[in-house]
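Written out below as structure tokens is the structure these notes cover.
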Amino acid sequence: MAEQFDVVIVGAGPAGYVAAIRCAQLGFKTACVDDWSNADGKPSLGGTCLNVGCIPSKALLDSSERFAQTQHDLADHGISTGKVSVDIKKMLARKDQVVTNLTQGIAGLMKANKITMSHGRGKLLANKTVEVSRDGKVTETLSAKNVILAVGSLPIDIPVARIDGDLIVDNAGALNFETVPKRLGVIGAGVIGLELGSVWNRLGSKVTVLEAIDTFLPPVDKQLSREVFRTFTKDQGLDIKLGAMVTASKTTKKTVQVTYTLKEEEITETFDKLIVAVGRKPNTANIADDSAGLKLDERGRIDINESFETNIPGVYAIGDAVKGPMLAHKGSEEGVAVAEIIAGQKPQLNHGNIPWVIYTHPEIAWVGMNEDEAKAAGFEVNAGFFPFAANGRALAMNEKGGRIKIVADAKTDRILGIHILGPSASELISEAVLALEYSASSEDIARTVHAHPTLSEAMHEAALAVTGRALHKVN
Ligand code: NAD
């Protein structure tokens with residue numbers, strides 16, 4: 001007889017574990033099924049984000065940035081160092097320790113919230129029953145009044161460069177190179193390609209990024225993407241080839257040869273490692289038995305309505321496995337919302353106000369529409385920008401690159417989007433999200449006192465610039 005729960009959640013990534021905690025807070029008898037294992041075969045909660053995604057990549061981005069700054073930036077501050085070297089093994093061990101601390105922290109939270117954890121792969125059967133299996137053997141069956149599927153996503157594998165886990169790797173493999181590859185190829189100039197390409201570039205790799213389309217970072221406001229492309233290529237030495245179509249790859253014992261076409265020319269380059277970062281796909285293969293009748297959409301995502309409910313009443317889905325951007329914070333907020341919906345509450349989650357961050361140096365962050373999107377949506381636009389080069393705190397920090405741009409509706413002054421390229425963009429974006437959430441006008445930010453000297457004054461000045469009255473630049 002299957003054990004009965006109010007809610008069974010499949011997946012303990014940022015969407016699933018947050019949904020589980022919120023369900024427990026709301027008084028539901030909750031179980032959560034997750035199959036991620038660490039090197040010892042023990043459960044390791046937190047999904048892609050904690051195990052092989054956001055957290056370990058940020059640990060390496062931070063370590064590699066310190067290395068790069070020590071080498072190149074300290075002299076400007078009058079600090080001289082001897083020969084600077086890097087111990088990759090130690091760097092990776094620190095990254096692994098950060099992951100272990102956090103995954104164990106999630107396990108502690110699940111326990112403290114009295115959530116029943118089940119280690120194995122969950123599969124939805126008919127009648128809201130979830131079968132759990134490990135190594136192909138069924139270990140238990142859980143029955144629930146409500147099921148939440150939070151099964152996440154997987155890297156897309158392309159036939160022209162199949163992941164072999166050694167020379168050709170995905171994001172997970174790229175976090176564990178034991179030595180710095182001399183020549184590193186990256187397929188895809190998206191979020192992962194740029195973040196992990198930056199890590200190894202800073203540590204000494206010669207990095208070539210092959211991007212199929214000929215626009216750089218299409219979702220980013222054009223003014224910012226042009227500036228950051230120059231910074232990455234001219235200042236940091238990333239070789240980003242736009243419009244490069246990879247047609248084949250061949251591995252030898254120690255190298256991988258990649259053939260691509262660029263402007264009708266066929267080129268073959270040899271790399272010591274190749275990262276494939278061409279997007280992710282929903283992890284929905286074999287997630288439900290045919291008898292359950294779960295409906296997927298044309299892109300393999302679980303089909304949901306505006307209440308996150310699938311075509312099966314009482315079965316919900318959230319996170320990377322459903323429509324919308326594949327972002328941890330989007331999944332987590334959906335986790336909170338779905339738990340509250342199951343409890344009969346009416347939470348509001350505004351998918352239009354989800355921030356994006358790319359953790360390169362400088363960082364890129366945005367929320368809402370960029371200028372072109374706003375115009376395409378029929379708005380008459382007033383845009384204001386302010387460069388960090390004119391911000392006192394940024395100059396004191398030796399961080400002169402980048403700008404903040406505010407896109408506002410010319411008729412109502414309501415802010416439609418805010419775009420940041422520069423130091424701490426990932427932190428500064430929260431003011432922008434709050435502004436959009438409260439339907440603020442640019443005048444609201446312009447009339448808000450910002451502490452001096454801070455980077456956030458660039459936000460204040462960008463808001464003033466919308467109406468041509470920035471104080472520290474010529475409008
Ligand atoms: P992405 O969608 O950001 O970028 C993939 C890039 O690969 C695109 O520019 C695409 O044009 C290009 N591409 C696709 N096929 C190609 C091919 N055959 N040859 C060359 N280029 C090709 O995907 P990603 O970087 O793999 O990241 C996956 C997901 O993970 C993203 O949706 C993102 O939301 C999420 N993620 C987010 C963060 C963050 O928030 N900082 C970090 C990492 C990952």
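Hydrogens, waters and symmetry mates play no part in the numbers below; they use all other heavy atoms, side chains included. We number each residue from 1, following the sequence as shown. As the structure lists them, so they are numbered: ligands from 1, and atoms in each ligand from 1. Being a predicted model, the structure only gives us computed values, none of them experimental.
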Evaluation steps, side chain to side chain donor-acceptor pair (under 3.5 Å), between Q69 and R66: CA-CA 5 Å; Q69 283 190 349; R66 283 166 199 252; over 6 Å; no
Element-labelled atoms of ligand 1 that are located less than 4.0 Å from some non-hydrogen atom of [X]:
X: W356; result: 34 (O)
X: G188; result: 6 (C), 7 (O), 12 (C), 21 (N)
X: L327; result: 34 (O), 40 (O)
X: V357; result: 39 (C), 40 (O), 41 (N)
X: M326; result: 32 (O), 33 (C), 34 (O), 35 (C)
X: L210; result: 20 (C), 21 (N)
X: Y359; result: 41 (N)

CA sep, side-chain torsions, deciding dist, call: E195, K58, salt bridge (charged side-chain N to carboxylate O under 4.0 Å, His left out): CA-CA 9 Å; E195 290 186 357; K58 260 80 266 172; 2.9 Å; yes
Which one of [options] has a non-hydrogen atom at the shortest distance from [atom]?
atom: atom 20 (C) of ligand 1; options: G279, G190, A212; value: A212
atom: atom 5 (C) of ligand 1; options: P218, A277, A244, G193; value: A277
atom: atom 29 (C) of ligand 1; options: E363, R280, K281; value: R280

Pi-cation contact, F271 with R183 (under 6.0 Å, within 45°):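 Geometry flag: not set, cation outside 6.0 Å or 45°.
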Minimum-distance pair of heavy atoms, taken over all atoms of N51 and G46: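 That would be ND2-C, 4.1 Å.
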Just need the protein heavy atom nearest to [atom], so name the residue and atom and give the distance.
atom: atom 3 (O) of ligand 1; result: V191 N, 3.2 Å
atom: atom 9 (O) of ligand 1; result: E211 OE1, 2.7 Å
atom: atom 17 (C) of ligand 1; result: V278 CG1, 3.8 Å
atom: atom 18 (N) of ligand 1; result: I158 CD1, 3.9 Å
atom: atom 43 (C) of ligand 1; result: I192 CG1, 3.3 Å

Residues E371, K222; criterion salt bridge (charged side-chain N to carboxylate O under 4.0 Å, His left out); working and verdict: CA-CA 8 Å; E371 188 168 348; K222 260 201 205 99; over 6 Å; no
Ring-ring centroid check Y316 F308, cutoff 6.0 Å: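 Y316 vs F308: aromatic centres not under 6.0 Å.
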Stepwise salt bridge (charged side-chain N to carboxylate O under 4.0 Å, His left out) check, E457 with R393: CA-CA 9 Å; E457 287 173 289; R393 184 71 190 280; over 6 Å; no
Contact partition for M245 relative to ligand 1, non-hydrogen atoms under 4.0 Å: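 M245 to ligand 1: no contact under 4.0 Å from either part.
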Ligand 1-proximal atoms of I187, by part, heavy-atom distance under 4.0 Å: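 The part of I187 near ligand 1 is the side chain, not the backbone.
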Mutual orientation of the aromatic rings belonging to W366 and W356 [parallel < 30°, tilted 30-60°, perpendicular > 60°]: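 If you compare the ring of W366 with that of W356, the planes turn out parallel.
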Geometric class of the F177/W200 ring pair [parallel <30°, tilted 30-60°, perpendicular >60°]: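 Rings of W200 and F177: tilted, as their planes differ by 30° to 60°.
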Charged N-O contact under 4.0 Å between R202 and E65: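 Answer for the salt bridge query: yes.
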Verdict with reasoning, D164 to R162, per salt bridge (charged side-chain N to carboxylate O under 4.0 Å, His left out): CA-CA 6 Å; D164 64 13; R162 287 261 179 243; over 6 Å; no
